[in-house]
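For reference, the structure is listed below as C-alpha cells.
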Amino acid sequence: MPSPSLPRLVLVLTLVWGGAVLAQPQRRQPQEFQERKELTQAEKDAAKARAMGNNLNGYGKDVQIKETPIPWMAIGLVGIVFLVATPFAIRAYRGTVKEMADVNTFGARGNATEDEA
C-alpha cells in the first residue's frame with residue numbers, strides 16, 4: 001500500500017480541521033449589552049454628580065497645572081545653525097559628486113584625458 005504524499009496529507013488535515021472548527025457550537029453574546037436602556041438627561045446628571053462627589057479631600061480643586069513655555073530661543077538657534085551650515089553642506093555634496101564622477105570606472109568616464117581607441 002503506497003504511503004500518502006505530503007500534499008494529500010495536508011489537504012485531508014485541512015478539511016478535517018476546518019470541519020471540526022465549523023462543527024463547534026456558536027457562542028452567544030452576553031444579553032446585558034442588548035437589554036441596556038438609554039439614560040435620561042436627569043439620570044446622566046445624577047451619575048455625573050455622584051462621580052464628582054467622590055472627592056474625599058479638596059486637594060484637586062486648588063491644583064493648577066504648570067505648563068512649560070515653548071523654548072523659542074533654542075528653536076531660533078537651531079534654525080540659524082541650519083541656515084549657516086546649508087551652503088557648506090551643498091558645496092561639500094557637489095564636490096563629492098564631482099570627485100565620484102571623475103573616478104567612475106564603470107560606464108562613461110567623467111573627465112578622461114586618455115584617448116579612447
Side-chain angles (χ1 to χ4, degrees):
M1 181 167 156
S3 63
S5 62
L6 183 62
R8 285 184 187 172
L9 182 64
V10 170
L11 177 66
V12 169
L13 288 176
T14 303
L15 291 174
V16 170
W17 181 75
V21 168
L22 291 175
Q24 290 181 356
Q26 298 296 325
R27 294 189 176 117
R28 289 186 180 182
Q29 294 295 328
Q31 297 296 325
E32 176 185 344
F33 296 112
Q34 295 174 357
E35 296 174 1
R36 193 172 203 176
K37 65 175 185 165
E38 291 294 323
L39 299 176
T40 63
Q41 187 62 32
E43 291 173 340
K44 289 180 184 177
D45 291 340
K48 189 174 183 181
R50 279 194 311 267
M52 294 188 74
N54 290 339
N55 191 2
L56 298 177
N57 55 9
Y59 180 73
K61 295 178 183 175
D62 297 332
V63 174
Q64 295 177 353
I65 299 173
K66 183 177 179 183
E67 296 182 16
T68 57
I70 298 174
W72 291 112
M73 188 175 288
I75 293 172
L77 182 63
V78 168
I80 290 171
V81 167
F82 277 125
L83 286 175
V84 170
T86 300
F88 295 105
I90 292 172
R91 187 182 310 155
Y93 174 76
R94 287 182 181 164
T96 304
V97 169
K98 185 178 178 185
E99 285 180 17
M100 289 178 69
D102 289 343
V103 181
N104 189 7
T105 57
F106 298 106
R109 300 178 77 180
N111 294 334
T113 57
E114 300 174 7
D115 292 336
E116 297 186 15

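Quick caveat, the model's predicted, so the values are computed rather than measured. Note: hydrogens, waters and symmetry copies are ignored here, and every other heavy atom, side chains too, is used.
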May I have the list of side-chain donor-acceptor pairs in residues 78-97 shorter than 3.5 Å, sequence neighbours left out?
from  : atom 1 : to    : atom 2 : distance (Å)
Thr86 : OG1    : Phe82 : O      : 2.5
Thr96 : OG1    : Ala92 : O      : 2.8

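Shown here are the side-chain contact (heavy atoms from CB on, under 4.5 Å) partners of Ile75, two or more places apart in sequence or in another chain: Ile70, Trp72. Partners of Glu67 according to the side chain to side chain donor-acceptor pair (under 3.5 Å) rule, which considers only residues two or more places apart in sequence or in another chain, do not exist here. Every residue two or more places apart in sequence or in another chain that forms a side-chain contact (heavy atoms from CB on, under 4.5 Å) with Val12 is listed here: Val16.
Other members of the hydrophobic cluster containing Leu11, listed by chain and number, are Leu15; membership follows side-chain contacts under 4.5 Å among ILVMFWY residues, whether direct or relayed.
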